[in-house]
Amino acid sequence: VEEATDAHLLRFPEGFRWGASTASYQIEGAAQADGRSPSIWDTFARTPGMVFGGHTGDVACDHYHRFADDVGLMDDLGLRTYRFSVAWPRIKPDGGGPVNPRGLDFYDRLVDALLERGIEPMATLYHWDLPQVLEDRGGWTNRDTAYAFAELAAATVARLGDRVPTWGTLNEPWCSAFLGYASGAHAPGRRDPRAAFEAAHHLLLAHGAGVAALRAGGAREVSLTLNLTRVTPQDPADPHDVAAATLIDGLQNRIFLDPVFKGGYPDDMRALFDRFGASGVINDGDLATIAAPIDLLGVNYYQPSVVAAQVGAAANPNYPGSEGIVYPDQNTPVTAMDWPVDPTGLGDLLVRLSVDYPGTPLIVTENGASYVDTVVDGRVSDPARIGYLDGHVRAVHDAIRRGADMRGYIAWSLLDNFEWAYGYDKRFGLVYVDYATQARLPKDSALWFREVIRRNGLTP
Ligand code: PNW
């Protein structure tokens with residue numbers, strides 16, 4: 001528990017990590033450079049109607065060519081940690097098999113540039129850009145994809161492990177499995193609940209096998225990032241609403257947390273594997289692989305969830321098996337994504353994790369907001385984003401006071417970028433990107449964040 005040493009400052013613990021996040025497909029561009037093969041997102045973005053405006057990541061922020069300037073910008077903004085992901089199709093264009101050294105060269109240059117500026121690199125091995133060649137063999141519904149992932153982990157840590165202290169296996173396997181294979185809102189755009197549960201299991205298996213490969217390669221700190229949230233019943237006194245909240249908590253949170261930290265699927269989730277005919281992919285020994293200890297849990301949090309039971313309601317396609325559950329409007333302020341803003345959801349989530357899954361330190365690996373930004377007289381004034389970030393950083397501070405072992409706060413995102421199904425229409429950056437010129441302009445929120453980092457605290 002950290003007491004404010006300065007009455008005017010809510011201080012964070014010594015060594016608390018502050019930074020920003022990105023992901024390869026969202027910023028790099030250079031889709032054909034140096035032997036990169038197509039990923040499922042290249043294919044999906046080219047499928048009519050899947051991404052806003054037909055946008056693709058072909059150019060994105062052109063970070064592949066501008067990384068040196070972007071690292072300079074990070075330094076100017078006082079960021080001390082940079083979370084990025086590596087593109088599997090650059091490193092292993094055939095999915096498995098031989099390494100493409102030119103693909104790894106890019107990350108080698110990036111890591112060196114970060115270290116020269118004293119910025120700690122945090123590398124994520126998979127942030128959704130699966131090589132299309134692997135999807136052609138079933139993608140995450142194929143067990144072999146998990147083993148191919150472990151080989152990616154081994155090759156990447158072999159090249160960068162001497163300089164990258166912190167490694168993440170997967171980013172948000174919930175999105176990969178359920179947006180990718182159940183609702184089809186994300187690549188590869190399949191709509192098959194059975195495939196989604198199979199994918200969820202193989203993603204967890206990939207994580208576990210990846211942890212083993214990272215350890216064998218000498219990784220110093222190994223983590224997994226999940227998109228988790230606080231799920232509450234609309235009426236806590238109504239047992240039907242309470243049951244609805246429990247099921248959605250299972251499909252969002254426990255289906256990943258319990259295998260990793262408790263060595264098994266919760267009974268209600270196991271029942272859904274059975275119902276959708278997906279239990280056959282769970283082999284003897286898988287859960288032991290999945291439950292390999294990790295050093296840090298990354299938490300991505302954007303919005304809370306409030307649910308209610310309603311007889312006859314169709315299942316939300318993102319949550320197969322959730323018939324009879326609805327999401328009543330809460331009249332909370334929302335972001336440009338229509339996502340409700342409620343920082344108490346983050347504080348409560350972090351405290352819950354430290355109670356239900358004790359012993360693993362936590363780090364916020366993504367948190368941020370999309371608002372409509374405009375450049376006026378060479379400046380982007382974004383008070384709503386500052387308010388969002390301030391409220392959530394405050395919630396992290398409060399979670400520490402309530403006993404959570406918090407190691408850092410990493411904002412989403414460094415730059416405006418390719419926001420998946422929304423293309424370039426939604427801006428999450430601390431830094432504005434003018435896509436016509438690739439000019440970068442720090443928003444007021446970036447300058448606010450720089451002050452928080454400089455003080456290692458918030459003013460009350
Ligand atoms: C996360 N949903 O994505 C990702 O990790 C980032 O790459 C992304 O840019 C960021 O959050 C903002 O969206 C999500 O529909 C995308 O529930 C969609 C959902 C959740 C997370």
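Counting starts at 1 for both ligands and their atoms, in listed order. Throughout, numbering of the chain's residues begins at 1 and tracks the sequence.
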Peer 1: Flag the pair D390 and R394 as a salt bridge only when some basic side-chain nitrogen lies within less than 4.0 angstrom of an acidic carboxylate oxygen.
Peer 2: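 R394 and D390: salt-bridged.
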Peer 1: In the protein, which heavy atom is nearest to atom 10 (C) of ligand 1, and how far is it?
Peer 2: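 The answer is Y302 OH, 3.2 Å.
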Peer 1: Does any N/O atom on H127 come nearer than 3.5 Å to any N/O atom on ligand 1?
Peer 2: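 Among all N and O atoms of H127, at least one is under 3.5 Å from an N or O of ligand 1.
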Peer 1: For Q252 and R254, test the side chains for any donor-to-acceptor distance below 3.5 angstrom and give the result as yes or no.
Peer 2: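 Checked: Q252/R254 side chains show no N/O donor-acceptor pair below 3.5 Å.
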Peer 1: Can you tell me the protein heavy atom closest to atom 6 (C) of ligand 1 and the distance?
Peer 2: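 The closest one turns out to be E366 OE1, 3.5 Å.
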Peer 1: Q26 to ligand 1: N or O pair under 3.5 Å?
Peer 2: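 Yes - when backbone and side-chain N and O of Q26 are compared with those of ligand 1, one distance drops under 3.5 Å.
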Peer 1: Counting N and O atoms only, with roles assigned by atom type, does the side chain of H202 sit under 3.5 Å from a partner on the main chain of W140, one being a donor and the other an acceptor?
Peer 2: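 Yes; at least one donor-acceptor contact below 3.5 Å.
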Peer 1: Can you tell me the protein heavy atom closest to atom 18 (C) of ligand 1 and the distance?
Peer 2: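 Of every protein heavy atom, L179 CD1, 3.9 Å lies nearest to atom 18 (C) of ligand 1.
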Peer 1: Have R83 and T166 got a donor and an acceptor in their side chains that come within less than 3.5 Å?
Peer 2: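 No donor-acceptor contact under 3.5 Å links the two side chains.
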Peer 1: Using heavy atoms and a threshold below 4.0 Å, how should the contact between C175 and ligand 1 be classified: side chain, backbone, both, or neither?
Peer 2: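 The answer is the side chain.
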Peer 1: If you measure from atom 12 (C) of ligand 1 to every heavy atom of Q303, K426, E419, which option wins on shortest distance?
Peer 2: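 It is E419 that holds the nearest heavy atom.
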Peer 1: Under 4.0 Å from ligand 1, counting heavy atoms only, is it the side chain of Y422, its backbone, both or neither?
Peer 2: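 It is neither part, as no heavy atom is under 4.0 Å.
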Peer 1: Identify whether the distance between the nearest side-chain nitrogen and carboxylate oxygen of R215 and D295 falls below 4.0 Å.
Peer 2: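 Here R215 pairs with D295 in a salt bridge, since their nearest N and O are under 4.0 Å apart.
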Peer 1: Counting only heavy atoms closer than 4.0 Å, does ligand 1 sit against the backbone of W174, its side chain, both, or neither?
Peer 2: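 Answer for W174: side chain.
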Peer 1: Below 4.0 angstrom, N of the basic side chain to O of the carboxylate: do D69 and R440 qualify?
Peer 2: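 The answer is no: the pair does not qualify as a salt bridge.
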